[in-house]
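Okay, so here's the structure we're looking at.
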2 protein chains.
Amino acid sequence: MGTTQLESVQEPKYWHLKTVLSEALDSDFAVGEILPNERDLAARFGVARATLRQALEQLELEGRLQRRRGVGTTVAPPRVGVAVSTAQHEWTGGVTGEAWQPVDCASEAAPSAVAAMLGTGTEPVHVVRRIRDTHGQAVAAELLYVPASSVPDLSAIDAPSGTVRARAVLRELHRLGLEGQDRSVELGSARADDAKELDRLPGAPVLVVTTRYFAAGGTAAVSIATYRADTCRLTFGDSGALEISHDEQQERQAS
Amino acid sequence: MGTTQLESVQEPKYWHLKTVLSEALDSDFAVGEILPNERDLAARFGVARATLRQALEQLELEGRLQRRRGVGTTVAPPRVGVAVSTAQHEWTGGVTGEAWQPVDCASEAAPSAVAAMLGTGTEPVHVVRRIRDTHGQAVAAELLYVPASSVPDLSAIDAPSGTVRARAVLRELHRLGLEGQDRSVELGSARADDAKELDRLPGAPVLVVTTRYFAAGGTAAVSIATYRADTCRLTFGDSGALEISHDEQQERQAS
DNA sequence: GAGTGGTCTAGACCACCAG
DNA sequence: TGGTGGTCTAGACCACTCG
């Protein structure tokens, strides 16, 4: 008595839901528009709220939605392209639109992995904290590790910490004339302090960019920058940014 | 009557759990070791299974754990560095260890976003499917879009589809002498077909690398490659890969 | 068939934001 | 103060792997 099998592919509910919502976003909603709340949406689709949330989480991960506690769920704008390749690193945090803003500076022992890249031991290094803004939005938080030996001429007159000190370290580093860099990108989750700077909850997905700066045959500095994965598209390469993200995702999802 | 506030930071349980588990992984487990099952772990920590799973999901996202249905949860090895910067793209899918393996080739209309980058209309393009292996593990799946106009000398003798056709398109593309490339990286979730190739569930987090290849002043091809975000660290840059990931994460988490 | 992780439910309470 | 998303619970069943 073979049961007729019914070719039920058994697609998970949240997956199907995500597809439906994605199509609805394309056709029925404008960027910035507020969606119905989770309880209503769940009821409307006849699923538990947890299941609905699973679909929303995926869409947020893909940069389609933005959720804020106490406010609601809105349709996110397309991801912004953020250049990370430029050789002319904005060490001074100038007045350009895509600048890093120095926030603070401390002298601490580097994490062991960073120390290994720097070739230093456990002696303290300068740790410069910077925030990157784009269009008035914080998109990245960075910790820049600079061994004292890289910036020997750092004036003792400058403040021992704070923004002034940070700018001084960056200035000295800039004068070194860095020769090249080595970079890697991986997925991570935001530490509590980074999450706060980026206006996200702890654990939010981030793209961790680790950069090693060379000068005079050695590693002069190491940067660990965390970019908001929901809103950012990291761009590399010689020419300008490529300007497509949102549409592409729609296409990819559709197939 | 000010309530004494008690400085209860109200750290979520799953966040604390994640920290505890992370430390346990560092001290008490070896790579590849199997953890107790989720029901036991949840009982041991006195939380619901769903809460325990939230912590495990984060750790998997960070590449610390690997979970397989019907098998169990194991301690993941450090992420592998995968180079994506090399100019000498392995068009032919050679016999080197880090090669792309051509799988298939079809002639289809490109998604609109891809068509926009190519500057083509709706006419069909060659779509080459490739898989990238590292250490015997599939780490990336790619769709390479090549307009027919880019490879005019493509022999009609070659098969109209399949691996043979794929290799023929790659060979012709290689002969063009590509001049440069433009690249972007963003977070995405695996489509069903990519997930299957990568041995992951649909929706698994992936790093989507979009590359635009130039030749003779135009865009000769566009590649959309999806890398497993859990196991891969994408490396760019002039020199070799930087060899740190796992330890670094431990350090970052600890602070 | 036994055991694993994956999905789903129907509740509850909390932290946060705005009017 | 009311409404939102964020966290958490205690169950249930399913899909998958393996011996």
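Naming convention: chains lettered A, B, ... in sequence-line order (proteins, then strands); numbering from 1 in each chain.
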Exercise: do A:Thr210 and A:Arg183 side chains pair donor with acceptor under 3.5 Å
no
Less than 4.0 angstrom between a side-chain N/O of B:Thr51 and OP1 or OP2 of D:dT9, yes or no?
yes
Checking contacts here: which listed nucleotide (D:dT9, C:dT9, D:dG6) is nearest the side-chain heavy atoms of A:Arg53?
D:dG6
Selection from C:dT4, D:dT9, C:dG6 that lies nearest to any side-chain heavy atom of B:Val47:
D:dT9
Let me know the distance between CD of A:Glu57 and P of D:dG6, rounded to the nearest Å.
8 Å
Can you tell me how far C1' of D:dG5 sits from CG of A:Leu59, to the nearest Å?
16 Å
CD of A:Glu11 versus P of C:dC8: gap in Å, rounded?
10 Å
Rounding to a whole Å, what distance do you find between A:Leu52:CG and D:dG6:C1'?
14 Å
Check the distance between C:dG6's P and A:Gln58's CD and give it to me in whole angstrom.
13 Å
Of all the choices, C:dA12, D:dA10, D:dA12, which nucleotide is nearest to the side chain of A:Arg49 once you look at every atom?
C:dA12
Indicate yes or no: does A:Arg200 engage A:Glu60 in a salt bridge with an N to O separation below 4.0 Å.
yes
Which is more 5' along DNA chain C, the nucleotide nearest B:Gly70 or the one nearest B:Pro202? Just name the residue.
B:Gly70
Is the closest side-chain donor-acceptor distance between B:Tyr227 and B:Arg132 under 3.5 Å?
yes
How close or far is atom C1' of D:dG3 from atom CD of A:Glu38, stated in whole angstroms?
12 Å
Report yes if at least one side-chain N or O of A:Thr73 is closer than 4.0 Å to OP1 or OP2 of D:dT4; otherwise report no.
no
If you only use heavy atoms from C-beta on, which nucleotide in C:dC8, D:dT9, C:dG5 is closest to the side chain of A:Pro12?
C:dC8
Less than 4.0 angstrom between a side-chain N/O of B:Asn37 and OP1 or OP2 of C:dT4, yes or no?
yes
For A:Lys18 and C:dG6, what is the distance between atoms NZ and P respectively, to the nearest whole Å?
17 Å
State which of C:dG6, D:dG6, D:dG5 makes the closest approach to the side chain of A:Leu201.
D:dG6
Base, sugar-phosphate, or nothing: which does B:Arg68 touch, judged by heavy atoms less than 4.0 Å apart?
sugar-phosphate
Quick one: does A:Arg191's side chain get under 4.5 Å of A:Pro202's, heavy atoms only?
no
Side-chain N or O of B:Tyr14 versus OP1/OP2 of D:dC8: is the shortest distance under 4.0 Å?
no
Let's test your reading of the model: under 3.5 Å, does the base of C:dG5 pair with the side chain of B:Arg39 as donor and acceptor?
yes
Taking the minimum atom-to-atom distance to the side chain of A:Gln54, which one of C:dG5, C:dT7, C:dT9 wins?
C:dT7
Is the phosphate of C:dG6 approached by A:Lys13 (side-chain N or O, under 4.0 Å from OP1 or OP2)?
no
Among D:dG6, D:dC16, D:dT9, find the nucleotide with the atom closest to the side chain of B:Arg69.
D:dC16
Less than 4.0 angstrom from a charged side-chain N to a carboxylate O is my criterion; do B:Arg64 and B:Asp230 meet it?
no
Examine the side chains of A:Glu142 and A:Ser223 and answer whether a donor and an acceptor come within less than 3.5 Å of each other.
yes
Please report the distance, rounded to the nearest Å, between CG in A:Leu35 and C1' in D:dG3.
16 Å
